[in-house]
Amino acid sequence: MPAEKAEQAEQERAHPVPGRRALVLRVLVGVLVWLVCSTAAGLAIFVASERSIDLASHDAVISPDFSGDLVLHTGPVLPDVRTDSGSRLGVTVDLGKSDTASVEELTQRYAAIASHPDGQVAVVKRAVRSMAVSAAVQGAGIGAVPLLAWLALGPARRRELLAGLRSRRGAAGVTLVVVVAAAVVVPTRLGRAEPTEQRWLTLSEFVGDAVPLPEEVREVQVTGDATTEQTRRLIESAVSTYDKSKAFYNEAAEDAAFLDLRQPKADETVVLLISDRHDNVGMDKVARAIADAGGATAVFDAGDDTSTGERWEAFSLDSVSAAFADLDRWAVAGNHDNGTFVRKHMSDLGWTYFDEDVVDGPGGARLLGIDDPRSSGLGNWRDETGLSFVEVADRVTEAVCAANEEGERISTLLLHDANLGDGALAAGCVDLVLGGHVHVSSGPTAVVGENGDVGYRYTVGTTGGAAYAIAIGSKLRRAAGLALLTYRDGRPVGIQEVTLETNGRYDVADWVPLDYTVPGDEPGDEPGDETGEPGEQGAGTPAAEDSGTPSATPSGRTTEPGE
């Protein structure tokens with residue numbers, strides 16, 4: 001025993017247990033080594049990464065660097081574009097295929113999107129942020145490898161290795177490891193240089209003094225090798241579209257702040273209703289400005305945000321989502337939102353869609369929404385898929401009335417085409433049916449149901465100012481319609497319509513109260529029974545119909561072919 005104790009004491013003297021200060025120092029050194037290794041590895045992974053996204057109506061690939069430039073490679077026809085990012089971080093975007101009929105159409109689309117870029121900027125930021133987080137996580141794992149290996153070796157083996165480093169062979173091994181690590185870890189794309197044959201010119205140099213340019217684009221650079229007269233004309237046309245679009249919609253958004261809109265009371269909630277944007281991203285900031293001016297805290301989107309529902313129209317969905325990112329949002333798909341892409345993309349961006357389920361809505365309202373059963377192209381035809389329109393309308397009526405039997409009355413039925421809700425109104429199962437689709441506003445029209453309950457039907461105009469299935473451009477093709485819906489105690493109690501005319505003038509309708517008393521009954525303390533407030537309609541309410549028969553639009557029809 002004495003011999004064993006003596007041997008143990010000898011080992012402790014040779015390899016003493018580190019004190020607290022020494023232990024803390026070792027931990028700090030380990031953390032520092034991990035930070036250095038993980039940072040180097042993370043940077044290398046970040047600048048070597050790429051991400052495929054939908055951008056500006058293209059399949060695009062973006063890659064980050066630290067050049068401080070935003071570079072857009074447009075392809076073989078149009079010149080590439082470069083501008084300062086405003087930071088050390090840079091991004092290169094390679095545009096791929098796009099669904100477009102001509103270069104002229106594509107150029108005009110670029111100009112309209114560039115004049116209202118918030119949605120596309122948000123897409124790029126999300127992608128870069130995602131790549132940065134992914135690179136950081138991978139770098140953290142790689143940075144931990146040397147420390148884990150060091151711990152796994154154990155004290156004895158580490159002492160042997162350290163002793164070996166003093167030899168010539170050990171020094172050569174360390175040098176080899178450093179060289180290999182540098183080749184793998186050191187970022188190779190920091191400050192990535194463009195090809196030497198690429199010559200950059202400012203846009204003002206490219207188009208010349210004859211073309212007046214907005215101040216914010218004068219220093220944007222383009223490649224100087226695309227110098228044909230046709231290319232210059234395309235650029236001039238795009239600049240004109242950019243300038244007109246930005247000026248028109250920016251002014252409309254500024255003017256919206258001064259509209260005489262009814263303000264909600266303390267116990268009321270206001271919802272903005274939009275529909276049929278058809279890719280007009282310029283109207284998104286206008287719609288948001290109207291929502292803010294009217295005190296709206298939520299948005300209903302009645303569909304047709306696109307013209308065909310294809311992936312190239314993601315820019316439109318990104319734009320409307322960015323405009324209302326901080327508000328509660330509900331939506332249904334329209335007849336032009338073909339396939340599953342629109343709904344999935346909008347859902348990923350935070351919009352709530354419906355699966356024949358009743359959901360809680362703004363102000364305690366109970367909501368039900370149904371996607372349009374039809375699909376349309378750009379022509380004046382309709383292709384019904386799956387259930388027919390009539391069959392879906394019958395299903396809607398059954399679902400709404402069944403939900404009423406199971407719980408509280410459904411306050412709002414959100415549709416693309418309000419015709420789908422006629423049966424539910426006729427049965428007296430819903431307070432308010434909302435729709436769009438026909439590009440012309442109609443209502444609110446009261447309907448007395450079979451059970452004696454009153455409901456309303458309202459159709460909003462085209463928020464995108466669309467004459468047909470696509471509305472992107474420098475100006476409105478027809479008047480743009482929106483509406484502000486007021487809710488109190490879980491029921492819609494009023495509607496105020498706002499219209500932006502093609503000349504930039506606003507028409508603000510009176511706030512129309514929704515009265516749920518049946519004509520001939522004594523008016524009680526109903527949600528819509530209020531008159532005489534400033535800016536409100538004080539003389540009566542919409543006349544009630546005796547059935548759910550669809551009311552015609554001003555043109556005498558309930559639908560428009562091709563819309």
Side-chain angles (χ1 to χ4, degrees), residues 46 49-65 68-72 81 83-96 98 109-136 216-217 220 242 245-246 249-250 253 272 274 277-292 296-299 301 305-306 310-331 337 341-353 463-464 472:
F46 179 61
S49 59
E50 294 181 342
R51 184 66 55 89
S52 296
I53 61 174
D54 297 305
L55 188 71
S57 76
H58 285 268
D59 293 336
V61 176
I62 70 169
S63 51
D65 55 41
D69 291 328
L70 301 178
V71 180
L72 184 67
V81 179
T83 188
D84 187 359
S85 70
S87 69
R88 188 72 179 90
L89 182 65
V91 176
T92 297
V93 180
D94 293 295
L95 297 181
S98 179
R109 190 185 298 169
Y110 287 163
I113 295 172
S115 61
H116 313 285
D118 291 350
Q120 301 305 275
V121 170
V123 171
V124 174
K125 284 184 176 179
R126 283 197 301 269
V128 172
R129 191 180 301 116
S130 174
M131 285 189 283
V133 170
S134 178
E216 65 270 17
V217 303
V220 171
Y242 168 91
S245 177
K246 186 171 183 178
Y249 292 111
N250 281 357
L272 179 73
I274 60 175
R277 293 173 53 255
H278 288 297
D279 297 323
N280 188 353
V281 295
M283 274 299 297
D284 292 333
K285 66 169 58 178
V286 179
R288 178 55 195 259
I290 293 172
D292 291 341
T297 56
V299 183
D301 186 341
D305 287 294
T306 66
E310 299 295 333
R311 292 185 63 89
W312 67 266
E313 294 175 286
F315 72 90
S316 177
L317 312 180
D318 296 327
S319 176
V320 71
S321 299
F324 300 107
D326 58 334
L327 302 187
D328 295 327
R329 295 165 286 169
W330 290 266
D337 299 325
F341 172 72
V342 171
R343 176 170 170 146
K344 182 180 184 307
H345 195 75
M346 291 278 275
S347 296
D348 290 343
L349 293 174
W351 292 81
T352 298
Y353 280 76
T463 303
I472 190 171

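Here the structure is a predicted model, which is why all the values come from computation and not from measurement.
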Looking at side-chain heavy atoms only, is the closest gap between F315 and D279 below 4.5 Å? yes

Measure the spacing between CZ of F324 and CD1 of I274 and express it to the nearest 0.5 Å. 5.0 Å

Looking at E313, M346, H345, which one forms a side-chain contact (heavy atoms from CB on, under 4.5 Å) with D318? H345

What distance do L317 atom CG and F341 atom CZ have between them, rounded to the nearest 0.5 Å? 6.0 Å

Can you tell me if H278 uses its side chain to pair, donor with acceptor, with the backbone of G464 under 3.5 Å? no

Taken to the nearest 0.5 Å, the spacing of S52 OG from I62 CD1 works out to 9.0 Å

What pairs of donor and acceptor atoms, side-chain ones from residues 123-131 against any protein atom, are under 3.5 angstrom apart with sequence neighbours left out?
| residue | atom | partner | partner atom | Å |
| --- | --- | --- | --- | --- |
| S130 | OG | R51 | NH1 | 3.0 |

Provide the closest heavy-atom pair for S49 versus P64 in the form atom of the first, atom of the second, distance. O-CD, 3.5 Å

Give a yes or no on whether a salt bridge exists between D326 and R288, defined as a side-chain N under 4.0 angstrom from a carboxylate O. yes

How far apart are the closest heavy atoms of D305 and S316, and which atoms are they? O-OG, 3.0 Å

Closest heavy-atom pair, K285 versus G282, reported as atoms and distance to 0.1 Å, is CG-O, 3.7 Å

Close side-chain approach of W312 to T306, heavy-atom, < 4.5 Å: no

Kindly indicate, with the supporting measurements, whether the criterion side-chain hydrogen bond (donor to acceptor under 3.5 Å, both in side chains) is fulfilled by D284 and S319. CA-CA 7 Å; D284 292 333; S319 176; 2.5 Å; yes

Spell out, as yes or no, whether a donor-acceptor pair under 3.5 Å connects the side chain of D69 to the backbone of V71. no

Between L349 and V320, is any pair of side-chain heavy atoms under 4.5 Å apart? no

Salt bridge check, D301 against R277: does any charged N sit closer than 4.0 Å to a carboxylate O? no

Value rounded to 0.5 Å, distance of CG in L327 from OG in S321: 11.5 Å

Rounded to the nearest 0.5 Å, what's the gap from CH2 on W351 to CG on D328? Could you check? 10.5 Å

Could you walk me through whether L89 and F46 pass the side-chain contact (heavy atoms from CB on, under 4.5 Å) test, one step at a time? CA-CA 11 Å; L89 182 65; F46 179 61; 3.8 Å; yes

